[in-house]
Amino acid sequence: MGLDLKPLLVREKTQLESFTNKVVAIDAYNAIYQFLAIIRGPEGLHLTDSQGRVTSHITGLLFRNINFLTMGIKPVYVFDGKPPSLKSAEIEKRKQIKKEATVKYEKAISAGDMEDARKYAQQTTSMRDGMVEDSKKLLDLFGIPHIQAPSEGEATAASLTITGQAFASASQDFDSILFGAKRLVRNFTNSGRRKLPNRNSYIEVLPEMIEFQKNLDSMGLTRQELVDTGILIGTDFNPDGFERVGPKTAIKMIKQHKRLEDIPQIQEQLEQIPFDQIRKIFLEPEVAKIDKIEFGETDYEGIVKYLSEERDFSKDRVETSMNRLKKSLEKKSQTLDQFF
DNA sequence: CAAGGATA
DNA sequence: TATCCTTGG
């Protein structure tokens, strides 16, 4: 599960419109994963093409990017590279959860409980061969740039906000803040409704902005202290955190003692944790250095062709959406022309 | 998730 | 017209 910084952060409601003309570095895995988890048929199975290849992530990317481009938002997708070796415990943990979810899914199916089936199917979500390639191919057709991070994608996304090449980084995970992202935007989508895990009740989910400096100020911490606070709570690199330490206790400890080494009550546990290496992952992350982010032209026909001919999307449906995008951009450039 | 038809 | 519900592949 990610890092539970939520209770400590100032999160401000925002809207997609305030990102017009801004470059936003999107955590590609995070976005694709979300699509894979949520875009499913009635029994919890993915959408697929006639060859049985999953297409849920492509559907998600198609419509979301149409919306971004329509609004003049400039998305840049950042893909994960090789995870730091310290992440292996967390990765193993996630695998185990998926394994258990698979069993529960099958049980729910044979019991005929479709609601449960869906729930557990979502938890089995995993990235398969080809999905990254599919996604990159679609982005290329859109003319949307994508960046390969050497290691954690969030680290590279954060660095783009620091160099000023991106206005914000978009992800659901709070790790971005430890990586120093100037702005993190969560729920970077415009559909407000999201169903609660349990019942058929819905809640409004709006984009929210988390500003780095504002948060350091409000917490009264330096970035180093924030990273130590994160380690106390538990990061992907020490997923279990510390016993009986949650967000509130963590920040209290750091405020009082400033650094992990100086908190008396955790010294025994601290010996088991490579905290210095974890600090380094967040404070001196390995990131891609990018000269200039280049946006290309959208190949409208190419997108229709790829999706309808190769992935069995309805040609009509894709065409309608692409035409709407084209029209809206033409209109925009016309009003701009009139201006000059 | 996002679109679009159904519904009131 | 605004919200609900189903569908997409």
Side-chain angles (χ1 to χ4, degrees), chain A residues 14-17 19 24 26-73 75 77 114-115 117-135 137-139 141-142 144 170-173 185-208 298 300 303-329:
Chain A
T14 179
Q15 52 202 356
L16 234 43
E17 285 76 8
F19 295 86
V24 180
I26 298 171
D27 180 352
Y29 268 70
N30 193 266
I32 293 169
Y33 208 82
Q34 208 101 350
F35 292 139
L36 290 171
I38 289 157
I39 304 179
R40 286 164 182 266
E43 289 167 50
L45 297 171
H46 283 128
L47 309 184
T48 58
D49 61 21
S50 58
Q51 295 181 44
R53 297 175 297 178
V54 173
T55 54
S56 297
H57 56 306
I58 304 179
T59 305
L61 281 174
L62 171 71
F63 291 110
R64 189 171 288 179
N65 284 320
I66 287 173
N67 283 332
F68 287 160
L69 297 182
T70 302
M71 304 175 86
I73 295 168
Y77 285 80
M114 290 312 157
E115 197 151 336
R118 258 186 95 85
K119 183 172 84 185
Y120 293 124
Q122 283 186 208
Q123 295 174 14
T124 68
T125 300
S126 70
M127 206 71 114
R128 288 278 158 54
D129 284 353
M131 289 175 176
V132 168
E133 287 70 19
D134 296 340
S135 304
K137 173 159 186 176
L138 184 60
L139 294 175
L141 288 166
F142 266 112
I144 294 172
S171 176
Q172 291 306 98
D173 295 341
V185 53
R186 300 180 72 239
N187 309 326
F188 195 55
T189 125
N190 60 6
S191 90
R193 64 198 188 284
R194 189 179 294 179
K195 72 169 193 303
L196 288 166
N198 243 339
R199 284 279 162 255
N200 30 338
S201 51
Y202 288 78
I203 42 158
E204 277 283 295
V205 177
L206 299 169
E208 63 183 26
T298 297
Y300 296 89
I303 289 174
V304 174
K305 195 158 184 285
Y306 169 53
L307 295 180
S308 63
E309 291 180 13
E310 291 184 49
R311 311 310 301 264
D312 303 308
F313 280 59
S314 140
K315 188 175 179 188
D316 257 18
R317 196 157 178 260
V318 178
E319 225 159 26
T320 310
S321 300
M322 293 311 294
N323 283 337
R324 193 183 305 140
L325 170 63
K326 198 179 196 172
K327 287 273 162 55
S328 116
L329 293 184

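The chains referred to below are lettered A, B, ... by the order of the sequence lines, with proteins before strands, and numbering in each begins at 1. Below, all heavy atoms of this structure are taken into account, side chains as well, without hydrogens, waters or symmetry copies.
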**Prompt:** Are A/T55 and A/D49 close enough that a side-chain donor and a side-chain acceptor fall under 3.5 Å?
**Reply:** no

**Request:** Sequence neighbours left out, what passes side-chain hydrogen bond (donor to acceptor under 3.5 Å, both in side chains) with A/R317? Give chain and number order.
**Result:** none

**Request:** Just jot down the side-chain hydrogen bond (donor to acceptor under 3.5 Å, both in side chains) partners of A/Y29, sequence neighbours excluded, or say none.
**Result:** none

**Request:** Verify the contact: side-chain N or O of A/S56 to OP1 or OP2 of B/dC1, cut-off strictly under 4.0 Å; return yes or no.
**Result:** no

**Item:** Phosphate contact (B/dA2 OP1 or OP2) by A/R324 side-chain N/O below 4.0 Å
**Value:** no

**Prompt:** Taking C-beta and beyond as the side chain, do A/F68 and A/F188 meet within less than 4.5 Å on heavy atoms?
**Reply:** yes

**Message:** Donor-acceptor check, side chain of A/S56 to backbone of A/H46, threshold 3.5 angstrom: yes or no?
**Reply:** no

**Asked** Hey, does the side chain of A/Y306 reach the backbone of A/L138 with a donor-acceptor pair shorter than 3.5 angstrom?
**Response** no

**Asked** Which residues, if any, of residues 64-72 of chain A bring a heavy atom under 4.0 Å of DNA chain B?
**Response** A/R64, A/N67

Output the rounded distance in Å from [atom1] ([X]) to [atom2] ([N]).
{"X": "A/D316", "N": "B/dG5", "atom1": "CG", "atom2": "P", "value": "11 Å"}
{"X": "A/F35", "N": "B/dA3", "atom1": "CZ", "atom2": "P", "value": "11 Å"}
{"X": "A/I58", "N": "B/dA2", "atom1": "CD1", "atom2": "P", "value": "16 Å"}

**Item:** Non-neighbouring partners of A/S321 that pass side chain to side chain contact (heavy atoms under 4.5 Å, CB included), sequence neighbours left out
**Value:** A/F63, A/I66

**Request:** Scan residues 122-134 of chain A for pairs that pass salt bridge (Lys or Arg N to Asp or Glu O under 4.0 Å), counting only residues two or more places apart or in two chains.
**Result:** A/D134-A/R311

Close N/O contacts between protein and nucleotides 7-9 of chain C (under 3.5 Å):
unit_1 : atom_1 : unit_2 : atom_2 : d
C/dG8  : O3'    : A/R317 : NH1    : 3.3
C/dG8  : O6     : A/R40  : O      : 3.4
C/dG9  : OP1    : A/S314 : N      : 3.0
C/dG9  : O3'    : A/T48  : O      : 3.2
C/dG9  : O3'    : A/T55  : OG1    : 3.0
C/dG9  : O3'    : A/R311 : O      : 3.0
C/dG9  : N2     : A/H46  : O      : 2.7
C/dG9  : N3     : A/T48  : N      : 3.2

